[in-house]
Amino acid sequence: MAELVVDARPTGPAPDPAPDPAELYRGMRLIRSFEECALGLVKSGEIVGGIHPYIGEEAVAVGVCAVLRPDDLITSTHRGHGHVLAKGSDPRRMLAELCGRATGLNRGRGGSMHAADVSVGILGANAIVGGAAPIAAGAAWAAKRAGADRVVATFFGDGALNQGVLLETMNLAALWALPLVFVCENNGYATTMATASAVAGTAAGRAAAFGLPSVTVDGMDVLAVHAASAAAVAAARDGSGPTFIEALTYRYGPHHTIEQRIRLAYRTQEEIDQWRQRDPLDVHGARIPPGQREQIDAEITELIEAAVEFARSSPDPDPKDALEFLYASGMTGRSGAVDG
Amino acid sequence: MAELVVDARPTGPAPDPAPDPAELYRGMRLIRSFEECALGLVKSGEIVGGIHPYIGEEAVAVGVCAVLRPDDLITSTHRGHGHVLAKGSDPRRMLAELCGRATGLNRGRGGSMHAADVSVGILGANAIVGGAAPIAAGAAWAAKRAGADRVVATFFGDGALNQGVLLETMNLAALWALPLVFVCENNGYATTMATASAVAGTAAGRAAAFGLPSVTVDGMDVLAVHAASAAAVAAARDGSGPTFIEALTYRYGPHHTIEQRIRLAYRTQEEIDQWRQRDPLDVHGARIPPGQREQIDAEITELIEAAVEFARSSPDPDPKDALEFLYASGMTGRSGAVDG
Amino acid sequence: MAKLSYAKALNRALADELARDPSVCVLGEDVAAGIAQFTLGLAKQFGPDRVIDTPISEQAFTSLATGAALCGMRPVIEFQIPSLLFLVFEQVANQAHKFSLMTGGQVKVPVTYVVPSSGSREGWAGQHSDHPYSLFAHVGIKTIVPAMPSDAYGLLVSAIRDDDPTVIFAPALAMGIREDVTTELVPIPIGQARVHRAGEDVTVVAVGHLVSAALAVAEELAGEISVEVFDPRTLYPFDWAALAASLDRTGRLVVIDDSNRMCGFGAEVLATAAEEMRLVAPPRRVTRPDGAVLPFALALDRVVQPGRDQLVAAIRAVMK
Amino acid sequence: MAKLSYAKALNRALADELARDPSVCVLGEDVAAGIAQFTLGLAKQFGPDRVIDTPISEQAFTSLATGAALCGMRPVIEFQIPSLLFLVFEQVANQAHKFSLMTGGQVKVPVTYVVPSSGSREGWAGQHSDHPYSLFAHVGIKTIVPAMPSDAYGLLVSAIRDDDPTVIFAPALAMGIREDVTTELVPIPIGQARVHRAGEDVTVVAVGHLVSAALAVAEELAGEISVEVFDPRTLYPFDWAALAASLDRTGRLVVIDDSNRMCGFGAEVLATAAEEMRLVAPPRRVTRPDGAVLPFALALDRVVQPGRDQLVAAIRAVMK
Ligand SMILES: Cc1ncc(C[n+]2csc(CCOP(=O)(O)OP(=O)(O)O)c2C)c(N)n1
Ligand SMILES: Cc1ncc(C[n+]2csc(CCOP(=O)(O)OP(=O)(O)O)c2C)c(N)n1
Ligand SMILES: [Mg+2]
Ligand SMILES: [Mg+2]
């Protein structure tokens with residue numbers, strides 16, 4: 001079992017504070033292409049249960065994770081593919097996980113909503129809105145106690161702003177000056193509910209209530225997210241405590257792939273088209289030489305093809321091991337059937 | 001069963017907006033004497049399980065409830081005797097409840113932490129910190145839907161400021177403009193924990209986060225509480241929505257009577273003495289003629305003696321009815337013993 | 001003779017009660033859009049005052065419903081995921097359930113909690129695949145798991161009209177079931193079991209979607225073993241008299257139940273039968289394993305749930 | 001030969017583990033003051049970094065402990081009231097418990113939850129008198145209810161060292177129990193039962209503070225009926241082998257258990273015994289009633305809890 005004991009020594013070099021435009025673009029392109037591929041595999045039935053596509057929000061995951069060290073940690077959400085890829089998981093193993101293969105990040109046990117990869121600092125996607133924030137706070141608390149200069153970033157949506165445990169966590173993080181960055185991906189909706197009709201006050205106001213410094217950034221511009229994150233992570237690392245980042249973004253696709261099967265009228269095509277005008281890949285893509293952009297696109301296409309190949313050729317986990325890992329101590333409970 | 005169906009017609013006259021100094025003093029004196037009496041009954045073992053004395057905080061309950069109509073509602077806390085008496089429950093039945101008698105407000109089923117009296121608009125003390133606020137919000141919501149101009153006041157301590165469900169409720173109340181008044185009794189401590197070491201930011205900041213108007217008042221001066229409450233209740237009644245009141249107050253006694261049995265050093269005698277300088281009964285008592293004050297004191301003493309007499313002479317509930325009222329529908333479950 | 005689906009039956013029951021009683025309303029996430037099918041079309045029919053979208057604040061809106069119920073309303077709450085009931089466990093078990101007794105009978109709390117898609121939904125994995133009905137039966141919440149559309153309709157109606165908190169689990173694997181509805185839909189009393197198929201040799205108590213599995217197995221074994229298929233419909237209160245009557249005939253008991261084995265519903269049925277009823281052979285349970293967490297990969301998810309083969313094995317075991 | 005109290009045993013076990021392992025810490029409300037006795041004096045001895053007072057944010061600090069445990073710490077959490085476990089049920093059952101499997105074995109969550117004073121505390125009434133251990137056994141959390149000081153010590157030590165989430169209930173009615181401690185205190189393996197008194201006629205499985213009641217009853221009936229007093233110590237995992245061995249001798253079973261009857265711990269013991277073990281007479285349970293809420297008035301509070309007279313009646317019933 002990959003032990004995650006906090007180490008006072010940083011296990012990786014700090015990323016160059018200056019952003020690398022090409023690398024940021026590559027990160028977003030990887031997520032976009034991965035998600036488009038995953039949508040296909042949902043249609044074909046190779047991914048069971050569907051996914052919450054991250055398409056449109058790529059700049060947030062990439063901008064934040066670009067300033068994190070390999071030994072820094074993140075927690076993710078039900079819409080977590082972007083975070084997992086941006087933090088450095090192998091896309092092949094991530095796709096294998098979505099396909100429920102033994103070679104997946106979670107050995108096929110977690111799937112889309114629970115993808116975790118401790119080896120690169122991903123404590124896991126969480127299927128409960130707001131559920132990951134206190135876990136991230138605990139990791140930050142452990143790091144601080146160990147004297148490590150590790151930072152933890154926790155992603156959550158605007159819907160989590162109304163979840164009590166997130167608010168309790170903001171209080172604890174501020175109170176104990178935890179090396180934690182709250183990243184609110186405000187995409188305007190919680191499933192079908194508009195943020196405005198669910199959130200009294202503002203995200204920034206929530207942060208202010210607990211004395212948390214906050215910044216609201218254009219979540220469609222990876223450089224804006226990168227700059228805000230760099231400052232927040234630096235503050236957390238030097239002991240100044242947590243920061244709250246609200247990234248204004250938008251999901252181009254359905255809340256979840258099942259939404260494609262039901263007619264929902266909670267937002268207009270005009271609204272979607274408007275946000276598409278500011279597609280994060282174009283906003284930032286325009287900043288790098290066209291030739292280089294095409295080359296990256298091509299490399300990613302290959303990479304995704306390889307991931308599909310890897311996932312498809314990977315073995316399924318053995319049903320007789322269905323409850324392996326249930327207890328870390330190795331304990332096994334009784335089966336549910338009549339034995340023998 | 002006393003039905004509590006919301007009625008669009010106010011069932012009582014609005015209290016005179018101008019405070020009646022003598023009545024305010026009487027209300028506080030009643031609570032003070034009741035609590036002193038209860039402390040004695042805890043010592044003598046007539047009240048089982050102990051109490052959370054309200055002594056020192058009388059001005060809050062009295063100031064708030066003085067501006068409420070009989071058909072307005074309140075929810076209370078583990079430290080709830082003051083609220084229950086101030087809202088108009090019969091002290092005799094309240095004391096009988098603390099003594100576990102069949103004549104008690106809850107027929108001896110609730111005790112100190114669950115005292116409820118629907119007949120005068122008390123939805124109940126609640127033994128879970130923060131637990132009553134959403135229930136109060138629901139009552140306010142029902143009133144608003146029914147077109148009633150009923151107002152609900154919910155009391156809670158500073159410790160509840162860190163409880164997620166209270167924060168969720170503040171969001172809902174603001175969002176839906178509920179006729180609700182949040183009354184935070186900030187007595188500086190949650191059991192042994194100083195508010196400053198538990199609350200990042202401030203109570204007012206919590207309110208602002210949700211766009212709730214808030215006011216911080218001297219909780220040792222009943223007129224200050226009365227004025228703030230009158231404004232908040234008027235706003236709630238005319239449809240302007242919820243207000244958050246923070247009353248700065250202090251408990252002179254132990255968190256709970258068991259504390260008398262253990263040595264705790266979380267606050268100094270000096271601090272207690274300082275607050276005693278501003279005893280709410282003296283602060284306000286000085287405003288009424290000494291003769292009248294003495295007369296009220298004497299009347300209350302008699303009233304309390306009568307309450308003790310009533311409680312002591314009341315019958316105990318019959319153990320065979322231990323699970324009566326478990327289901328409002330009248331359903332009964334199986335006993336835990338071998339039948340027959 | 002119309003075919004009624006389970007999902008539609010729940011939807012119709014809610015619509016009928018909304019129409020019948022102005023104190024009924026439904027609260028939850030995305031209920032206006034009706035993405036869980038349960039409330040589909042009702043916002044349009046009854047308006048946003050009766051079908052209320054809530055922020056993602058389960059704890060607050062669950063106790064808000066309690067407060068509204070104290071004041072004469074009859075709220076229905078939809079939970080999108082079974083594990084959301086874990087999140088509101090305090091509000092249900094410690095607040096709503098206890099109010100009547102703690103106040104000495106001053107109030108009632110007629111709230112109905114509905115999970116339209118409980119248990120495993122293929123591919124939803126660990127945190128979205130629970131079937132926690134035994135927890136609610138243990139604390140004393142009236143707990144209902146309908147197996148058939150007509151029961152889903154009739155029991156939801158009764159739950160909404162009941163004066164106590166009530167929870168209804170609609171298994172995801174039952175939502176698609178269709179039933180020929182010959183007679184008109186009527187309320188079904190809480191606490192009354194239904195014998196779907198009479199038999200002489202063994203009584204199979206099956207919960208929710210597993211009733212269909214039990215019926216299929218009974219048919220499959222018909223030549224060999226006469227299986228009585230017993231559907232409690234309400235887990236708590238349980239229809240003990242009906243079970244005793246069935247065991248008086250068969251003397252043999254198997255329970256198939258999609259909750260965890262340890263301290264689960266199946267345990268209660270076996271325990272009470274062993275204490276008080278006629279058993280000529282040791283009874284058997286088919287359940288989820290102890291402490292089960294459903295793995296994502298479909299083949300793994302499936303083997304953790306009780307299945308037909310296991311039921312057949314259990315039936316053969318009690319016939320030995 | 002020193003007399004050790006139950007409360008002191010828990011306190012000493014925690015002190016010993018804090019001293020032995022720097023990754024151990026204790027979190028909770030008023031733990032520095034030690035008002036629940038569990039942490040008394042430890043803040044002074046180990047400092048505020050190891051004995052941490054928390055705001056009243058149970059959900060957040062419960063999952064905070066999970067996150068810290070993922071990073072190598074071994075937090076112990078004190079809950080002042082049993083019903084606070086309802087409040088954190090999602091964080092325990094849906095997060096801490098599921099992490100290991102959901103991540104495919106990448107992590108472990110060694111957190112210990114302690115309720116020092118579970119069950120009824122005279123006069124604390126409805127919302128402070130629960131004994132919800134069956135709920136945790138059902139979802140699969142290792143669930144421990146020590147009856148004696150030496151077991152309280154040894155099982156808490158083992159729980160803290162265990163790599164999975166573990167919950168320990170210390171019944172309020174056991175906290176004052178004193179035991180002669182002749183040998184040195186040692187860790188007690190999780191999942192191992194203890195037979196306090198051997199007997200031939202009937203096996204009484206008693207939980208927590210009820211072990212003392214069972215011993216008293218066994219003594220009282222000694223002339224007439226030979227009662228074996230079986231203390232599981234750990235409810236989940238349960239020591240089924242030891243129970244089977246006991247029933248091979250006695251063939252008769254009574255369980256006395258302070259949780260609600262429906263789907264409670266007693267149900268599981270009876271069910272498994274009925275399925276797999278030797279029973280020459282119908283087994284019996286003595287429990288709280290279905291859906292029990294403890295009323296405030298002392299006489300009422302007491303009759304709702306399982307008592308000695310009921311145990312005697314149950315023993316006589318199985319001997320019939
Ligand atoms: C506590 C909780 N309540 C409800 C759900 C069901 N649910 C899953 S995602 C979602 C909407 C979340 O919205 P938001 O936080 O804004 O994230 P987004 O989907 O927009 O990325 C809901 C209600 C859940 N998973 N957890
Ligand atoms: C949710 C919850 N956590 C813990 C407790 C135990 N407890 C009872 S009162 C109390 C302190 C409450 O402090 P505060 O809210 O400031 O009210 P005060 O006692 O000062 O009036 C605590 C921790 C509880 N009853 N509920
Ligand atoms: Mg969103
Ligand atoms: Mg306080």
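If you're wondering where the values come from, they're calculated on a predicted model, not measured in any experiment. Throughout, protein chains are lettered first and strands after them, A, B, ... in sequence-line order, and every chain is numbered starting at 1.
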Undergrad: Is it the backbone or the side chain of D:V286 that comes under 4.5 Å from a heavy atom of chain B, or both, or neither?
TA: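 For D:V286, backbone and side chain are both near chain B.
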
Undergrad: What residue in B:A322, B:G50, B:G333 has the most heavy-atom pairs under 4.5 Å with chain D?
TA: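 Highest number of heavy-atom pairs under 4.5 Å: B:A322.
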
Undergrad: Can you measure from CG (D:D53) to OH (B:Y266) and round to the nearest 0.5 angstrom?
TA: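 Taking CG in D:D53 and OH in B:Y266, the distance rounds to 12.5 Å.
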
Undergrad: At a 4.5 Å cut-off on heavy atoms, which part of B:L264 comes close to chain D: side chain, backbone, both, or neither?
TA: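 It is the side chain, since no backbone atom gets that close.
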
Undergrad: Run the side-chain hydrogen bond (donor to acceptor under 3.5 Å, both in side chains) test on D:Q59 and B:Q163 for me, step by step, so that the C-alpha distance in whole Å, both residues' side-chain angles and the decisive distance to 0.1 Å come before the verdict.
TA: CA-CA 9 Å; D:Q59 297 188 307; B:Q163 187 62 218; over 6 Å; no

Undergrad: Taking the side chain as C-beta and beyond, is there a heavy-atom pair between D:H128 and B:M113 under 4.5 Å?
TA: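 Yes, side chains in contact.
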
Undergrad: With respect to chain B, which residue among D:G264, D:P295, D:G266 yields the maximal number of heavy-atom pairs within a distance under 4.5 Å?
TA: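 Sorted descending by pairs with chain B, the first entry is D:P295.
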
Undergrad: Counting only heavy atoms closer than 4.5 Å, note whether B:F325 contacts chain D via side chain, backbone, both or neither.
TA: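 Looking at B:F325, nothing touches chain D.
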
Undergrad: Rounded to the nearest 0.5 Å, how far apart are CG of D:L298 and CG of B:D316?
TA: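 One gets 9.5 Å once the value is rounded to the nearest 0.5 Å.
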
Undergrad: How about D:I56 and B:M193: do any of their side-chain heavy atoms sit closer than 4.5 Å?
TA: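 No - every pair of side-chain heavy atoms lies 4.5 Å or more apart.
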
Undergrad: What is the distance from atom NZ of B:K320 to atom CG of D:L300, rounded to the nearest 0.5 Å?
TA: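 Taking NZ in B:K320 and CG in D:L300, the distance rounds to 10.0 Å.
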
Undergrad: Would you mind checking which part of B:H78 comes under 4.5 Å of any heavy atom in chain D, side chain (CB onward), backbone (N, CA, C, O), both or neither?
TA: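 For B:H78, there is no contact with chain D at all, as no heavy atom is under 4.5 Å.
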
Undergrad: For D:L87, is it the side chain, the backbone, both, or neither that has a heavy atom closer than 4.5 Å to a heavy atom of chain B?
TA: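 Looking at D:L87, just its side chain touches chain B.
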
Undergrad: Indicate whether any N or O donor in one side chain lies under 3.5 Å from an N or O acceptor in the other, for D:D30 and B:T192.
TA: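 Judged by distance alone, the side chains do pair up.
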
Undergrad: Could you tell me whether the side chain of B:R334 and the main chain of D:D290 form a donor-acceptor pair under 3.5 Å?
TA: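 Not a single qualifying donor-acceptor pair exists.
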
Undergrad: With a 4.5 angstrom heavy-atom cut-off, could you sort out which part of B:D318 is near chain D: side chain, backbone, both or neither?
TA: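 It is the backbone, since no side chain atom gets that close.
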
Undergrad: Could you tell me how the ring of D:W124 sits relative to the ring of B:H52: parallel (under 30°), tilted (30 to 60°) or perpendicular (over 60°)?
TA: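 D:W124 vs B:H52 ring planes: perpendicular.
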
Undergrad: Between D:R261, D:R285, D:E29, D:Q310, which has the largest tally of heavy atom pairs under 4.5 Å with chain B?
TA: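 Counting heavy-atom pairs under 4.5 Å, the top option is D:R261.
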
Undergrad: Please classify the contact between D:V304 and chain B as side chain, backbone, both or neither, with a heavy-atom cut-off of under 4.5 Å.
TA: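 For D:V304, the side chain is the part near chain B, not the backbone.
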
Undergrad: Which atoms of D:S83 are under 4.5 Å from chain B, going by heavy atoms: the side chain, the backbone, both sets, or neither?
TA: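 It is the side chain, since no backbone atom gets that close.
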
